[in-house]
Each structure stands twice: as structure tokens, then as C-alpha cells.
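Report on the following structure.
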Amino acid sequence: MIAKKMQNMVANSSAIRAMFEEGNRLAKIYGAENVFDFSLGNPNVPAPQAVKDAIIEILNEEDPVALHGYTNSNAGYEDVRETVAQSLNSRFKTSFSGENIVMTVGAAGGLNVALKILLNPGDEVIVFAPYFGEYRSYTANFDGVLVAISPDTETFQPKLDEFAEKITEKTKAVIVNTPNNPTGVVYSEDTIKKLAKIMEDKQKEFGTDIYLISDEPYRELAYDGVEVPYLTKYYANTIVGYSFSKSLSLPGERIGYLVIPDEASDSADLISAASVATRILGFVNAPTLQQKMVVKCLDEKTDISYYDRNRETLYNGLLECGFTCIKPEGAFYLFVKSPIEDEKAFCQAAKKYNILIVPGSSFGCPGYVRMAYCVSYETIVNSLPKFKELAKEYF
Ligand code: PLP
């Protein structure tokens, strides 16, 4: 029999998995072009040409034995880490060295490493609802306790009063995700400053270290020139988890990195622990070919105008139908208010029109649904008459 803890995790992950299977089933019956699958955050924009060029160049020019071998340090190639650090320094006026960078297996790998090195059983991890549902499992992996701050459904910015109340002596980490999955909201500099001040005060009050984990796979996906503050500049005990999954459309390649700044308490210990964690969690080191590729593509950008057009079209189309939704400033999700309290029933109703969307309860925020608009523009345009029919059931 599978482990008890795993049984819970399997049960909790069944909603999105069921949706995925349902999409495949409907596509077989109606044809893929007649199914409007907004369930997955899988980028629809191809990776930049530079990615392919870099991979070919690396394969042609590098010694294959070294290229496909284990890396000397599990934290990644030294030159890759150094180049990542310098690139961050020039973008964000930080002062990292390669030592502060640990290459990881995507953001998911990075978050698991971060929580592995921080959590003792029973330690609390604070998240702001709505939040990426996997945080529940990542925290449970290391016997941490997830503490969710209730959502501010007006702005979807963090509720800071409740945050201050819920920090305890057991709080070891706070995860923020901006631009946010599932709302698309970007936390303003003012919000970040207030959040940092609360955390600093609480560290002093309790005499503990409380780490801020910035989960930022959507950093490069911000619209209309909105600024996404770089959090190490506001709070010393910050660990950044970055990923190339969305910024270069490479989610299947599993590549990202952690930044552990010198300013963080016990920084040197955290960095060496992270190298051990990558190994003992079983990833060992981030994929070598991908490490060498991304470092050649640090200045490459995905075609954000593609997502922006989808964002405008779906957002305006849904509003015309009578739905309400906060306009996303980043990422590629819309978080739409369910016209009925039971958003799972609403998702079921949408399925009648071959529209697949995810209930907000998967993100700790019932009463809302998430739509991932990283799909083709045709899917968006063709879905709108279906949304209109769906809306007629409610408005
Ligand atoms: N964090 C958030 C908020 C995400 O939305 C995702 C993926 O969708 C991840 C982490 C995991 O990303 P990666 O593919 O880099 O592991």
C-alpha cells in the first residue's frame, strides 16, 4: 500500500489530473480545435530560435564526455553560476557572485531544495491565497505546516494585517509569487516594503530567522511596462527561486536556479546545504545541456505580445459576457469570479461547452476559477461564443 502521506497528495492532485484526462477525452470526440482547454500553464509560444541554436552549438562544440557527465559541484557549472550572477547584477543592481547561485530542476526543484534546507518538522510556511496548489505538497514533503492568509478578493494583493497576526515563532518561511499564478497580480513596491517591514519586526520580536522565498517563474511575463521588484533588495533573508520554464517556454526541460544572497542569515551554510539537497532529493544536478544553453540565452525573451493579445481578448470578451475578473498585470492566467458560489459546479457547467477551467479551491480560493490563456489565439477567439452561451445560464 502506498504511504499515507502520499495517499493525501494523490487525492489532492486528482482535480487537475482529471481535467487533463477530460481534455484528451473531449478532443478525441469533438476534435482538438473544438475543445477550449484553459486548464494548464503550458506555454504555447515556441522557445526562441536562440535556444535551438545554442543547443546545436553546444552539442557540436563541447566534449561529449564532459557535457553529459555529472557536474563537479551539484550546484552547477561554476561559469554558468557566475554568468547568471553577473546578469542579475546588471539587471537589478545587486552584487551576487556565482557562489550565490544554485542551478535547479525548474522552480519546483528549487522550491523543494529551499524547503528541504529550511524546514524542521512542524515549522510553518506562510502563503497568500490564492496560491500555487503545489506549495501544499512541497511543504508537506518536509513535514512543514502550510498556513494560508485569506485572499483579498478586491485587489488580490496580500492581506498584510492578517499576515502580521499569523506569523509565529514557528514561522520559518513565507512564499510569495509575483507575477502571480493564478491571479496575474504583481505585488507593488509599496506592498513589498510593508511585507518586509512586518517580517523584520517579527524576526526581532521572536529572535528567529524568517526566510522570504520569492517564487518567480513569471518574472519576465509582465505587461504594460509594470515593474516587478527584485526582493533581495528589500529583505535580507530572501531566497529567490527562478525558472526558465515560462520565460523561455521550456517547462519540460526542467531548468532554473536559486539565489541565496550573502546577506541571508547563515548564507554559506544554506548554499552548501542546497548542494547536498539537490543530490539527496534525487535530482543530483540540474541538466547539464540545459545549464549551458540557458547561460547563452539569458538576454532572450519570449514573445510577450502573443500572451498580451490573448490577455486583452479573453479579458474583454469575458467582461462583455458579464463575468467579473481582475485584469492581470503579469503571468498568463485570468482568475474569474464564479457566477455561483460553488465554483466546481460552474466548472462542470463550462464542460458542457467543451470549456475546461480549474476551480479556485485548487488554489485555496473557492468561488473563483482559473483560466490559463497560454493557448492559441484561435482557441481564445473560438471560445468566446461558447462563453457567451455559458454566461446566459447565469446573467
Ligand atoms: N511556481 C509557480 C507559481 C508555478 O506556476 C509553477 C508552474 O506552473 C511552478 C512554480 C513550477 O515551475 P517549474 O516548471 O519551473 O518547475
Side-chain angles (χ1 to χ4, degrees), residues 5 9 70-78 80-82 84-85 88 96-121 123-127 131-146 171-177 181 209-219 231-232 235 237-247 250-288 290-291 294-295:
K5 203 158 122 185
M9 290 182 181
Y70 294 121
T71 50
N72 283 342
S73 158
N74 293 135
Y77 289 115
E78 263 171 40
V80 168
R81 295 165 69 198
E82 190 57 40
V84 167
L88 290 172
F96 304 130
S97 75
E99 286 291 306
N100 301 116
I101 310 296
V102 178
M103 301 305 292
T104 62
V105 179
L111 288 167
N112 274 280
V113 166
L115 295 172
K116 172 91 178 158
I117 65 177
L118 291 177
L119 296 187
N120 289 310
D123 280 351
E124 293 172 355
V125 177
I126 295 186
V127 296
Y131 55 85
F132 182 51
E134 300 289 63
Y135 297 155
R136 277 189 287 258
S137 305
Y138 299 166
T139 302
N141 281 344
F142 310 106
D143 298 320
V145 176
L146 195 84
T171 306
K172 193 67 186 282
V174 175
I175 305 178
V176 292
N177 165 227
N181 173 12
D209 283 314
I210 307 172
Y211 291 89
L212 178 62
I213 301 177
S214 176
D215 177 27
E216 41 187 71
Y218 303 99
R219 164 163 292 281
L231 300 197
T232 60
Y235 184 69
N237 272 342
T238 298
I239 296 177
V240 177
Y242 185 84
S243 167
F244 295 92
S245 290
K246 320 284 170 161
S247 62
L250 296 171
E253 301 296 350
R254 316 305 304 132
I255 184 74
Y257 59 80
L258 286 177
V259 184
I260 305 175
D262 288 341
E263 294 74 23
S265 303
D266 304 315
S267 174
D269 286 349
L270 293 178
I271 293 166
S272 50
S275 283
V276 177
T278 57
R279 198 179 78 226
I280 64 180
L281 286 171
F283 323 133
V284 182
N285 54 245
T288 48
Q290 303 307 329
Q291 287 192 46
V294 291
V295 87

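The basis for the numbers below is simple: all heavy atoms, side chains too, and nothing from hydrogens, waters or symmetry mates. Numbers here are sequence positions counted from 1.
- Among all heavy-atom pairs drawn from Ile101 and Arg81, the shortest one is O-NE, 2.6 Å.
- Considering all non-hydrogen atoms of both residues, Asp209 and Ser265 come closest at OD1-OG, 2.8 Å.
- Heavy atoms only, all atoms of each residue included: Val105 and Pro287 are closest at CG2-CD, 4.3 Å.
- When the salt bridge (Lys or Arg N to Asp or Glu O under 4.0 Å) test is applied to Asp266, no partner is found at least two apart in sequence or on another chain.
- Under the side chain to side chain donor-acceptor pair (under 3.5 Å) criterion, Tyr135 pairs with Asp215, not counting sequence neighbours.
- Scanning all heavy atoms of the two residues, the minimum distance from Ser275 to Asn74 falls at O-CB, 3.4 Å.
- Residues Val102 and Ala274 come closest through the heavy atom pair CG2-CB, 4.1 Å.
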Verdict with reasoning, Phe96 to Thr232, per side-chain contact (heavy atoms from CB on, under 4.5 Å)
CA-CA 10 Å; Phe96 304 130; Thr232 60; 3.6 Å; yes
Does Val284 form a side-chain contact (heavy atoms from CB on, under 4.5 Å) with Tyr70? I'd like the steps, not just the answer.
CA-CA 8 Å; Val284 182; Tyr70 294 121; 4.1 Å; yes
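- Note that the CD1 atom of Ile126 and the CG atom of Leu212 stand 11.0 Å from one another [nearest 0.5 Å].
- Of the inter-residue distances, the one linking Thr139 atom OG1 with Ile175 atom CD1 reads 5.0 Å to the nearest 0.5 angstrom.
- With respect to Lys172, the side chain to side chain contact (heavy atoms under 4.5 Å, CB included) criterion is satisfied by exactly one of Val125, Val145, Asp123: Asp123.
- A search for side chain to side chain donor-acceptor pair (under 3.5 Å) contacts involving Ser243 returns Ser245, not counting sequence neighbours.
- What you find for Thr238 and Leu231 is that their closest heavy atoms are OG1-O, 3.6 Å.
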Could you list the donor-acceptor pairs under 3.5 angstrom formed between side-chain atoms of residues 253-264 and any protein atom two or more places apart in sequence or on another chain?
residue, atom, partner, partner atom, Å
Glu253, OE1, Gln290, NE2, 3.0
Arg254, NH1, Pro251, O, 2.9
Asp262, OD1, Asn100, ND2, 2.9

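- Listed by chain and residue number, nothing satisfies the ring-ring contact (aromatic ring centres under 6.0 Å, His included) test with Tyr211 (two or more places apart in sequence, or in another chain).
- Residues passing the side chain to side chain contact (heavy atoms under 4.5 Å, CB included) test with Thr71, sequence neighbours excluded: Tyr77, Asn285, Thr288, Gln291.
- Residues passing the side chain to side chain donor-acceptor pair (under 3.5 Å) test with Ser214, sequence neighbours excluded: Glu216.
- Applying the side chain to side chain donor-acceptor pair (under 3.5 Å) rule to Tyr138 yields no partners; only residues at least two apart in sequence or on another chain are considered.
- For the atom pair CG (Asn181) and OH (Tyr218), the distance works out to 4.0 Å, reported to the nearest 0.5 Å.
- Under the side chain to side chain contact (heavy atoms under 4.5 Å, CB included) criterion, Glu82 pairs with Gln86, Ser97, sequence neighbours left out.
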Can you give me every donor-acceptor pair (side chain of residues 111-121, partner residue at least two apart or in another chain, under 3.5 Å) with its distance?
residue, atom, partner, partner atom, Å
Asn112, OD1, Asn141, ND2, 2.8
Asn112, ND2, Ala108, O, 2.9

Lys5 vs Asp143, side-chain contact (heavy atoms from CB on, under 4.5 Å): CA-CA, chis, key distance, verdict
CA-CA 10 Å; Lys5 203 158 122 185; Asp143 298 320; 3.0 Å; yes
